[in-house]
Visitor: 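Structure incoming, see below.
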Amino acid sequence: MLKSKKLIGSLVLVSVLTGCAGAGPKQTGGQLLGGAAGALLGSQFGKGTGRLFGVAIGALAGSYLGGAIGHEMDERDKQLAQSTMVNTLEKAPDNQAHSWKNPNNNHSGSFAVTRTQEFPGDNLVCRDYVHTVTIDGRQEKVHGRACRDVRDHRAAWRVAE
């Protein structure tokens with residue numbers, strides 16, 4: 001129940017923050033489409049509660065990318081960013097950036113885990129990260145934390161508070 005409250009709180013927080021940005025129709029559409037696409041992608045991973053978290057993290061990531069900078073990113077940019085994020089969380093050691101670049105428009109980004117912590121009592125591993133995206137010379141950085149249950153190696157990463 002506590003995890004559900006945190007998840008709902010995170011969704012509300014993202015909605016409020018993106019709503020305060022003075023979004024126009026293009027940005028709002030990007031948020032909605034990004035959130036839906038992210039939820040669909042996230043639903044492909046895990047089972048049971050893990051699948052629910054996959055949907056949630058996919059929706060959050062998709063909504064964020066769709067709203068904050070996604071209005072300037074095309075579908076290929078979003079695919080490259082999402083793939084880089086998942087691969088880095090899964091496999092990269094701390095402080096090793098993994099990059100992506102779309103050769104069609106020169107948009108690029110990098111994703112790096114800055115710290116990994118294990119919480120054995122909660123069966124969690126958490127990874128702090130920074131995701132940097134550069135579009136037309138303008139750079140945006142997002143700092144966050146993603147966690148997952150260590151008992152299931154296929155469990156989806158979820159954005160933590």
Side-chain angles (χ1 to χ4, degrees), residues 6-7 10-11 13-14 17-18 21 27 30-47 49-120 122-161:
K6 285 183 179 181
L7 179 61
S10 296
L11 287 170
L13 180 62
V14 168
L17 290 175
T18 56
Q27 186 173 358
Q31 287 172 329
L32 294 173
L33 291 173
L40 180 62
L41 180 65
S43 72
Q44 305 302 309
F45 301 97
K47 19 180 179 170
T49 305
R51 180 166 285 167
L52 176 63
F53 288 126
V55 170
I57 192 170
L60 286 171
S63 178
Y64 175 77
L65 286 174
I69 53 180
H71 67 284
E72 296 179 28
M73 294 175 72
D74 66 18
E75 285 305 309
R76 184 65 182 144
D77 295 339
K78 293 174 189 175
Q79 290 170 349
L80 291 166
Q82 178 73 17
S83 175
T84 302
M85 179 179 80
V86 170
N87 288 332
T88 305
L89 286 171
E90 284 294 323
K91 300 173 184 173
D94 290 359
N95 301 309
Q96 184 180 70
H98 286 211
S99 300
W100 61 268
K101 183 173 184 174
N102 186 339
N104 296 326
N105 57 20
N106 287 324
H107 294 174
S108 62
S110 66
F111 192 94
V113 172
T114 57
R115 180 175 65 161
T116 302
Q117 289 183 292
E118 293 187 30
F119 301 95
D122 295 327
N123 295 312
L124 287 178
V125 62
C126 295
R127 303 196 83 187
D128 297 335
Y129 63 84
V130 61
H131 191 179
T132 306
V133 177
T134 304
I135 297 176
D136 299 330
R138 188 173 45 109
Q139 191 176 78
E140 304 250 355
K141 288 188 178 189
V142 177
H143 296 267
R145 173 178 273 200
C147 300
R148 77 168 178 187
D149 190 329
V150 295
R151 294 171 293 185
D152 182 0
H153 69 279
R154 296 182 324 186
W157 291 94
R158 62 179 173 85
V159 176
E161 292 180 22

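Note that these values count all heavy atoms, side chains included, but never hydrogens, waters or copies made by symmetry. Starting from 1, each residue takes its place in the sequence as its number.
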Visitor: Given salt bridge (Lys or Arg N to Asp or Glu O under 4.0 Å), test R76 with D74 step by step and report yes or no.
Guide: CA-CA 6 Å; R76 184 65 182 144; D74 66 18; over 6 Å; no

Visitor: Out of curiosity, C147 SG to L89 CG, how far, rounded to the nearest 0.5 Å?
Guide: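 So the gap between those two atoms works out to 10.0 Å.
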
Visitor: Using the test side-chain hydrogen bond (donor to acceptor under 3.5 Å, both in side chains), find all partners of T116 that sit at least two apart in sequence or belong to another chain.
Guide: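 T116 satisfies side-chain hydrogen bond (donor to acceptor under 3.5 Å, both in side chains) with D94, R127 once adjacent residues are dropped.
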
Visitor: Are D77 and W100 side-chain neighbours, meaning at least one heavy-atom pair lies under 4.5 Å?
Guide: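 Heavy-atom side-chain distance check passes, below 4.5 Å.
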
Visitor: Could you tell me which non-hydrogen atom of D149 sits nearest to which non-hydrogen atom of A155, and how far apart they are?
Guide: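 Heavy atoms of D149 and A155 come nearest at O-CB, 4.0 Å.
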
Visitor: To the nearest 0.5 Å, tell me how far N87 CG sits from Q82 CD.
Guide: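 It comes to 10.0 Å.
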
Visitor: Is the shortest heavy-atom distance from the side chain of R145 to the side chain of Q117 under 4.5 Å?
Guide: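 Side chain of R145 against side chain of Q117, heavy atoms only: contact under 4.5 Å found.
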
Visitor: Which distance, rounded to the nearest 0.5 Å, do you find between the CG of N102 and the CD of Q79?
Guide: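 Answer for the CG-CD pair, N102 versus Q79, is 9.5 Å.
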
Visitor: For the side chain of T88 and the backbone of T84, is there at least one donor-acceptor N/O pair under 3.5 Å apart?
Guide: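 At least one qualifying donor-acceptor pair exists.
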
Visitor: How far apart are the closest heavy atoms of F119 and C126, and which atoms are they?
Guide: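 Residues F119 and C126, closest heavy atoms: CE1-SG, 3.8 Å.
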
Visitor: Should E140 and T134 count as side-chain neighbours, where that means a heavy-atom distance under 4.5 Å?
Guide: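 No; the side chains remain at least 4.5 Å from each other.
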
Visitor: Centroid-to-centroid, H131 to F111, below 6.0 Å?
Guide: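 Close enough - the centres of the two rings lie under 6.0 Å apart.
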
Visitor: E90: what forms a salt bridge (Lys or Arg N to Asp or Glu O under 4.0 Å) with it, not counting sequence neighbours?
Guide: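 By the salt bridge (Lys or Arg N to Asp or Glu O under 4.0 Å) rule, E90 matches R148.
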
Visitor: List the atom of A112, the atom of A97, and the distance in Å for their closest heavy-atom pair.
Guide: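 Looking at all heavy atoms of both residues, the shortest contact is CB-CA, 3.8 Å.
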
